[in-house]
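Values below: every heavy atom of this structure, side chains too, minus hydrogens, waters and symmetry copies. As the structure is a prediction and not an experimental result, all values here were calculated from the model.
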Amino acid sequence: MRRVRPLTTVMAARSGRAGRTCGARRAGRAGVAGLVTAVLLGASLQGCSQHKDDGYTLPAEKLRDGEKTQKNRTGRSSDMRYTVVAYTDGISTILGTHAEMKPKGQFVRIRLLCVNIGRDIQVFDTWAQRLVLTDGRQIGADVNSTMVKRQPERLSVGANMRAEFDLWFDVPKGGKVRSVRLYGSPSVGMVTDPTPAEIPLPS
């Protein structure tokens, strides 16, 4: 003769099994969710460790008539880093918006890149820059060609800022260029003018 279990006992047993089953399911879902999170986090960290970019490339510029690319022509004065990127000599005439002008000797144009690597503003003073000839003479930037070609006289270069423009000189007849001497402005705490960067020309 079968023994009949009380209804309350049967219900309690079933409830216990259901509770254990639901708890196991919840634990299983939590475990899967944790595993997915760990995998995604690991992939994210792995992606970060594989990110090895350390710079960027600027758009290329075409050379102008008679311009010559200069390689490895970089120097520093104070917190200003200068790079001569191109050089043009033998210019016999220039045209502006309102004028045509001829040099006393020959115009020399230097394409210059200035980068402020300091934390304060550097001031580029066009009239402080010098072109050095092979006989030792130093020539200041030419006022007329600078004005005709609308190039800056003074330029504030902010921290981590770069500026690219032309520097113009009028070289006397028979003069040969040896280098350009470029001056930055005193950085914070300096009490004397900085040592100029002297960059050989042309390459």
Side-chain angles (χ1 to χ4, degrees), residues 39-91 94-97 106-132 139-142 145-169 171 176-190 193-203:
V39 169
L40 292 175
L41 180 59
S44 174
L45 292 175
Q46 185 178 12
C48 290
S49 65
Q50 292 177 346
H51 187 76
K52 296 182 179 180
D53 289 348
D54 57 2
Y56 52 86
T57 301
L58 296 175
E61 296 288 343
K62 291 183 178 180
L63 290 173
R64 293 166 288 183
D65 289 342
E67 203 167 34
K68 308 175 189 72
T69 302
Q70 301 297 292
K71 302 294 186 182
N72 303 317
R73 294 293 190 250
T74 298
R76 175 179 172 179
S77 177
S78 185
D79 286 331
M80 193 81 91
R81 186 174 64 224
Y82 294 109
T83 301
V84 175
V85 296
Y87 175 85
T88 314
D89 59 6
I91 301 174
I94 57 173
L95 295 173
T97 54
Q106 63 164 322
F107 285 129
V108 166
R109 180 182 63 198
I110 294 172
R111 188 66 176 174
L112 189 63
L113 175 65
C114 308
V115 181
N116 183 354
I117 59 177
R119 294 178 295 175
D120 202 0
I121 291 173
Q122 280 277 302
V123 177
F124 179 85
D125 184 355
T126 295
W127 314 126
Q129 316 310 321
R130 295 291 182 268
L131 196 68
V132 182
I139 301 171
D142 182 60
S145 53
T146 299
M147 297 295 105
V148 168
K149 287 302 184 178
R150 303 292 192 266
Q151 295 305 292
E153 297 181 67
R154 288 174 62 86
L155 182 66
S156 294
V157 182
N160 298 312
M161 173 182 165
R162 63 175 63 209
E164 184 179 333
F165 52 89
D166 291 329
L167 195 56
W168 285 86
F169 297 92
V171 178
K176 294 183 178 181
V177 176
R178 184 179 72 193
S179 62
V180 62
R181 194 166 288 169
L182 301 167
Y183 292 83
S185 60
S187 57
V188 176
M190 290 184 67
D193 290 334
T195 302
E198 185 146 353
I199 300 175
L201 291 173
S203 62

For [X], side-chain hydrogen bond (donor to acceptor under 3.5 Å, both in side chains) partners two or more places apart:
X	answer
T83	T74
T97	R150
Q70	S203
R130	none

Who are the side chain to side chain contact (heavy atoms under 4.5 Å, CB included) partners of [X], not counting sequence neighbours?
X	result
M161	V157
L58	Y56, R162
S145	I94, F107, D142, W168

Rounded to the nearest 0.5 Å, what separation is found between the [atom1] atom of [X] and the [atom2] atom of [Y]?
X	Y	atom1	atom2	value
S179	L201	OG	CG	7.0 Å
L182	I110	CG	CD1	7.0 Å
N116	R81	CG	CZ	10.0 Å

Below 4.5 Å, heavy atoms only, C-beta onward: do [X] and [Y] meet side chain to side chain?
X	Y	value
F124	L167	yes
D89	Q106	yes
L112	V84	yes
S77	T195	no
V177	F169	no
P202	K68	no

I would like to know whether I139 and V108 meet side-chain contact (heavy atoms from CB on, under 4.5 Å); could you show each step before the answer? CA-CA 11 Å; I139 301 171; V108 166; over 6 Å; no

Can you name the salt bridge (Lys or Arg N to Asp or Glu O under 4.0 Å) partners of [X], sequence neighbours left out?
X	result
E164	R111
R64	E67, D166
D125	R154
R76	D79

Exam field: side chain [X] to backbone [Y], donor-acceptor pair closer than 3.5 Å:
X	Y	value
S78	S185	yes
T126	P152	yes
Y82	Y183	yes
K71	V85	no

Identify the two heavy atoms, one from M80 and one from G184, that lie closest to each other, and give their separation to 0.1 Å. CB-CA, 4.4 Å

